[in-house]
Amino acid sequence: MQKKYILEMFPYPSGNIHMGHVRNYVIGDICARYHKLKGDEVIHPMGWDAFGLPAENAAIQFNTHPQDWTFDNIQNMKDQLKKLNLDLDWERELATCKEDYYQYQQELFIDLYKAGLAYKKDALVNWDPEDKTVLANEQVIDGKGWRTGAIVEQKVLSQWFFKITHYAEELLNDLDNLTLWPEKVKTMQKNWIGKSIGAEIKFQIIDKDEQLNIFTTRPDTIYGATFIAISINHKLVSKILKANEIDLIKKSFSKIVDNKEKQGFLLDIKCQHPILDKEIPVYIANFVLDNYGEGAIFGCPAHDERDYEFAIKYNLPIIKVIQCDDTDLPYTKDGEVINSPLVNGLRKSEAIKKIIDYFEKKEIGKRSINYKLRDWGVSRQRYWGCPIPVIYYEDGSFRVLEKSELPVILPYDVNLNGKGNALLNHDKWRKIICPKTKKIAYRETDTLDTFVDSSWYYIRFLDNKLGKPFDTKKVNTYLPVDKYIGGIEHAILHLLYSRFFMKALRDIYKLDINEPFRQLFTQGMITHKTYKTQKGEWVMPKDIIFKDGKIIRQKTKEFIEEGPSEKMSKSKKNVIEPDEILENYGIDATRFFMISDSPPDRELEWTDEGIQSSKNLVRRIERYFNVKKTETKKDTERVIEKFINNIEKNILGFSLNKCIADIYTLFNYLEKEKIYLHDNIISKKVLICLYPFAPKMSSKIMKDLFKSESKDNWPNINNSLLLETNINLPIQVHGKLVTTIETKKGYIEKDILKSIYKIDKIKNKILDRKVIKVINVQDKIINIITS
RNA sequence: GCGCCAGUGGCGGAAUGGUAGACGCGCUGGUCUUAGGAACCAGUGGGCAACCGUGGGGGUUCGAGUCCCUCCUGGCGCACCA
């Protein structure tokens, strides 16, 4: 008996299950049921990602409470899930907004803090003005908030961070061990971590006791450096310029929003070139990122596109240090180094090595590795989240609470008016007497990013009622999750955070688990045609009718234009409600359709024909078993064995669409060959194979035919039956198919060729030419080559 | 711009380097009648044929949808990352 932990990404309790959830959970359910039938020890839990902004926003809008709203939604969605006939371990259920979950998260926070993996600092952070909270770097997409789409502002705030960068190297390297993850997700994570190997070089500022640290991946081009550029937020800037001067530059930069036009402001300082006896100018430039490397670069215009553009605009010298034609500038490829006395004649990689060696000897530079990945900012200025177990004294110092002082319970009686953080305004909760120092103290009013909640829920599922976060032995036994199924939209966020958490907890609690998810499967979206009136108003699919080749809105008789199939969304109204589908077509047909028309990792287009044909398949199977006759043929058993084998192979490979094809193929055969199984024992095998896909139908037929619902185990395959004795052997001449012959497996080549040469079609192809070669791929194909 | 993935009938999609188009949808004939959101039978890549066909062009191979090179198109991701 093997353990199989099968998990689908838990939903946010927004109020209703949508079709995307249905597809996600049906895929997982099929796997879970299959493994149970195989006799595996299956863990298949479900819970609620229950903290988060929608609850708070809804509460403000509808004058309710986030907790009540959330609990109502959970109840409703749970009812909906139950209708989907999912085989879930409901006794493992958890909701992240409940004390019995988040108090243990507070414990984890304390331990992360003690391990140096949680810290507080003033930082320039991403502020979402609409949700009125800070966002992590991962949650800003194209300069906009991931949820609201509002343009993110930069603010300096004192914030809690998790030190994910501590694991940058491991998070990167371990991707190679995740052989059962989609390459695409791994590539995305790799790019996000963004490892660069290069050097850190010190540039001395002339006449000042200051140095500029610069990270570069191209130390080989140091002789071509003609300027230095730093970010407006570089710490040097505030030492040189006055606040109003800085503001002016910032304003100037902010006018350039969308295009990448480069702008620079020359500073009244110069740097000494680290090798050459020359001074180079220093600019503040808009294209220098302040959160990458040291926030400073040296510009080598001849061999970098951005530096080239900048140099042209500000008329800076362009010095070639890699051999190339002038017309190729900026030349960024490898080549022979020139104009660089120390490394002339070398190629890029050798020059880099030699230059760094030189810098290290001179102690003005060193080898350096840089990551794009930043530490994870976890403070959120919102009420509906896990309280951070920290208190502040009036002198500004803080203390992270002891575990014995937990839980810090989120107060229910808050005033949510949308103005500011409700916890900040809740004086009674906020102000306490510190039990240790007896001093007045104030609770941390920020709450944790909800991605913290989902970073360890798969661990809590193992023991959801335990009086501590988890049981080490259980974690080591049941993790990693064997199959994790969900949408690709979490490729970076949730999946990277969870990987970090697993590694951090491993180090803190001495666990044996390195990675949380052994296999990741990302299911495709469900799409549907879109419908619009001529005025541009979106119309729901159920509100239209087809008439005389035209599409008409039922109520108003307006003509409707059909648009392309797009991801189901409320805004485009191209949604199908699971409840209505279940009512009209039944659970088994719905389950069939979720995996029928395309492979589970690709998009599935919702069509009426599709769901209808799934329904027809259910009826067809029911009808078949209703025929009270048993009649089999010689190869019936072999066909069934092949069917079982195919279904099993395709479930394990997540090729669930092929399972549906296998089912059709089987019933096509049975009906065409007039084979009746009814209460023949073979029916049991077939019904067990159907059970993961259509459990309701399968159980009912099983009960009708065999008077018992007890599910036997997955049938063992009789391999000897799988070896077909008769095969159709293709015969090629010069690699082109000419004919096929029926023969037995294991034929003797010499003998079979004799009869092949007698076939007219073959004779006509060979004519009087000499056969110079015969390629016989035993039991597969024969290819005859003539002169 | 960089990276990844993908291009196969009218459509969704099958094919460990070995019979391209399994299976489904749709469509075309026909059968039946409890006139159905049915069911059943036959057909369905192109071409009268020999033959031709997996985005285009090269290559490797006895044999290529599959491997290699190159170009085109589409999707996704990242994007001034020094």
Side-chain angles (χ1 to χ4, degrees), chain A residues 141-142 182-196 198-199 214-219 221 228-229 259-262 285-289 291-300 303-307 309-310 332 370-374 488-489 491-492 565 584-585 589 592-593 596-599 601-605 607-617 619-620 623 646 650 655 657-668 671-672 727-741 772-786:
Chain A
I141 294 153
D142 291 336
E183 282 304 317
K184 192 179 171 175
V185 174
K186 289 197 279 184
T187 307
M188 283 165 76
Q189 292 211 355
K190 202 172 166 182
N191 292 341
W192 187 263
I193 295 167
K195 181 181 183 178
S196 300
I214 288 181
F215 175 77
T216 178
T217 55
R218 294 296 304 274
T221 63
I228 280 171
N259 63 36
K260 288 181 178 173
E261 196 199 328
K262 294 193 172 35
N286 64 338
F287 68 96
V288 180
L289 303 171
N291 55 5
Y292 183 76
E294 304 289 330
I297 61 147
F298 74 74
C300 176
H303 305 294
D304 183 283
E305 282 173 29
R306 300 151 298 181
D307 299 347
E309 205 186 308
F310 192 79
T332 57
N370 200 39
Y371 298 93
K372 208 178 92 177
L373 182 73
R374 306 279 89 196
I488 193 145
E489 64 272 19
I492 306 282
S565 204
N584 291 335
Y585 296 93
F592 271 150
F593 182 52
S596 283
D597 279 2
S598 40
D601 55 349
R602 281 198 225 168
E603 357 186 282
L604 170 74
E605 183 175 7
T607 58
D608 290 345
E609 291 83 0
I611 181 72
Q612 184 56 46
S613 65
S614 292
K615 175 80 188 167
N616 292 346
L617 178 61
R619 281 208 287 238
R620 179 177 170 190
R623 217 168 28 238
N646 284 341
N650 288 328
S655 301
N657 54 322
K658 285 191 254 169
C659 291
I660 299 295
D662 293 334
I663 294 171
Y664 276 110
T665 307
L666 176 72
F667 284 90
N668 287 350
E671 287 174 355
K672 184 155 191 166
I727 50 167
N728 269 325
L729 187 70
I731 312 298
Q732 296 180 332
V733 175
H734 288 292
K736 283 199 171 187
L737 180 76
V738 176
T739 188
T740 63
I741 55 168
I772 53 173
K773 199 174 180 187
V774 173
I775 290 137
N776 172 39
V777 183
Q778 187 65 38
D779 299 339
K780 276 278 165 80
I781 200 162
I782 288 180
N783 190 5
I784 298 164
I785 312 299
T786 65

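Computed from a predicted structure; not experimentally measured.
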J.: Please state the P separation for the pair B:C67 and B:A15 - nearest whole angstrom.
T.: 14 Å
J.: Distance between the P atoms of B:U16 and B:A22, in whole angstroms?
T.: 15 Å
J.: Taking the P atom in each of B:U8 and B:G1, what is the distance between them to the nearest angstrom?
T.: 25 Å
J.: Using atom NZ of A:K190 as one end and atom P of B:C78 as the other, report the distance to the nearest whole Å.
T.: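 From A:K190 NZ to B:C78 P: 17 Å.
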J.: Taking atom P of B:A39 as reference, at what distance in whole Å does atom CG of A:L617 sit?
T.: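 Atom CG in A:L617 sits about 11 Å away from atom P in B:A39.
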J.: Rounded to the nearest angstrom, tell me the gap between atom NE2 in A:H734 and atom P in B:G63.
T.: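 Rounded to the whole Å, the gap is 10 Å.
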J.: Starting at the 5' end of nucleotides 13-27 of chain B, put B wherever the base has a protein heavy atom under 4.0 Å, S where only the sugar-phosphate does, and a dash everywhere else.
T.: SSSB-BB--BSSSS-
J.: Using the C1' atom as the point on both nucleotides, what is the distance between B:C27 and B:G10, in whole Å?
T.: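 The same atom, C1', in both gives a distance of 8 Å.
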J.: For A:K372 and A:K195, run side chain to side chain contact (heavy atoms under 4.5 Å, CB included): C-alpha distance rounded to whole Å, both residues' side-chain angles, the deciding distance at 0.1 Å, then the answer.
T.: CA-CA 7 Å; A:K372 208 178 92 177; A:K195 181 181 183 178; over 6 Å; no
J.: Keeping A:D304 on the side-chain end and A:C300 on the backbone end, is there a donor-acceptor pair under 3.5 Å?
T.: no
J.: Partner of B:C80 by Watson-Crick or G-U wobble geometry, both contacts under 3.5 Å, or none?
T.: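 None - no nucleotide pairs with B:C80, as no candidate has both distances under 3.5 Å.
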J.: Which residue lies toward the 5' end of RNA chain B, A:K736 or A:N286, if each is placed at its nearest nucleotide?
T.: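 Mapping each residue to its closest nucleotide by heavy atoms, the 5'-most match is A:K736.
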J.: In this structure, how many angstroms lie between the P atom of B:G37 and the NZ atom of A:K615, rounded?
T.: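 A:K615 atom NZ is separated from B:G37 atom P by 13 Å.
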J.: Could you give the distance separating B:G21 and B:G9 at their P atoms, to the nearest angstrom?
T.: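 Per the computed distance, 14 Å lies between those P atoms.
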J.: Report the residue from A:I782, A:D779, A:T740 that forms a side chain to side chain contact (heavy atoms under 4.5 Å, CB included) with A:L729.
T.: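 One option only clears the test, and that one is A:I782.
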J.: Can you check the distance between B:G63 and B:A20, where both ends of the measurement are the P atom (answer in whole Å)?
T.: 15 Å
J.: Could you tell me how far apart A:I731 (CD1) and B:G63 (P) are, to the nearest whole angstrom?
T.: 17 Å
J.: Paired with B:G7: which nucleotide, if any, by Watson-Crick or G-U wobble criteria at under 3.5 Å for both distances?
T.: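 For B:G7, the partner nucleotide comes out as B:C72, under the 3.5 Å rule.
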J.: Is the glycosidic angle of B:G9 within 90° of 0, making it syn, or outside that range, making it anti?
T.: syn
J.: Please confirm whether the backbone N or O of A:K658 pairs with a side-chain atom of A:S655, one donor and one acceptor, at under 3.5 Å?
T.: no
J.: Tell me, with the steps shown, if A:F298 and A:T221 meet side chain to side chain contact (heavy atoms under 4.5 Å, CB included).
T.: CA-CA 10 Å; A:F298 74 74; A:T221 63; 3.8 Å; yes
J.: If we take the C1' atom in both B:C76 and B:A64, what is their distance in whole Å?
T.: 28 Å
J.: Rounding to an integer number of Å, can you tell me how far A:E183 CD sits from B:C4 P?
T.: 11 Å
J.: If you pin A:K672 and A:W192 to their nearest nucleotides in RNA chain B, which one's is more 5'?
T.: A:K672
J.: Tell me whether A:Q189 contacts the main-chain N or O of A:A491 through its side chain, where contact means a donor paired with an acceptor under 3.5 Å.
T.: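 Yes, because the side chain of A:Q189 sits within donor-acceptor range (under 3.5 Å) of the backbone of A:A491.
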J.: Name the pairing partner of B:C48, where a pair is Watson-Crick or G-U wobble with both distances under 3.5 Å, or state none.
T.: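 Its partner: none found.
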J.: Could you list, one pair per line, each protein nitrogen or oxygen that sits under 3.5 Å from a nitrogen or oxygen of nucleotides 29-34 of chain B, together with the distance?
T.:
none

J.: Roughly, in whole Å, what's the span from NZ in A:K184 to C1' in B:G3?
T.: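 Computing the A:K184:NZ to B:G3:C1' distance gives 12 Å.
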J.: Could you go through A:N291 and A:R374, starting from their C-alpha distance and side-chain angles, then the distance that decides it, and tell me whether this counts as side chain to side chain contact (heavy atoms under 4.5 Å, CB included)?
T.: CA-CA 8 Å; A:N291 55 5; A:R374 306 279 89 196; 4.2 Å; yes
J.: Report the base-pairing partner of B:A39 (Watson-Crick or G-U wobble, both distances below 3.5 angstrom), or none.
T.: B:U31
J.: Using atom C1' in both nucleotides, what's the gap between B:C52 and B:G47 to the nearest angstrom?
T.: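 It comes out at 8 Å once rounded to the nearest Å.
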J.: I'd like to know if the side chain of A:N286 and the backbone of A:E261 have a donor-acceptor N/O pair within less than 3.5 Å.
T.: yes
J.: Return the value, rounded to whole Å, for the distance between atom CG of A:L289 and atom C1' of B:A82.
T.: 8 Å
J.: On the six-membered ring of A:F287, is A:K262 placed so that its NZ or CZ lies under 6.0 angstrom from the centre and within 45° of the ring axis?
T.: yes
J.: Distance only, no hydrogens: is a donor on one side chain within 3.5 Å (strictly under) of an acceptor on the other, for A:D597 and A:N657?
T.: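 Not at all, the side chains of A:D597 and A:N657 share no donor-acceptor pair under 3.5 Å.
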J.: Just grab all the salt bridge (charged side-chain N to carboxylate O under 4.0 Å, His left out) pairs involving residues 185-194 of chain A, residues at least two apart or on different chains.
T.: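 Residue pairs with at least one partner in residues 185-194 of chain A: A:E183-A:K186.
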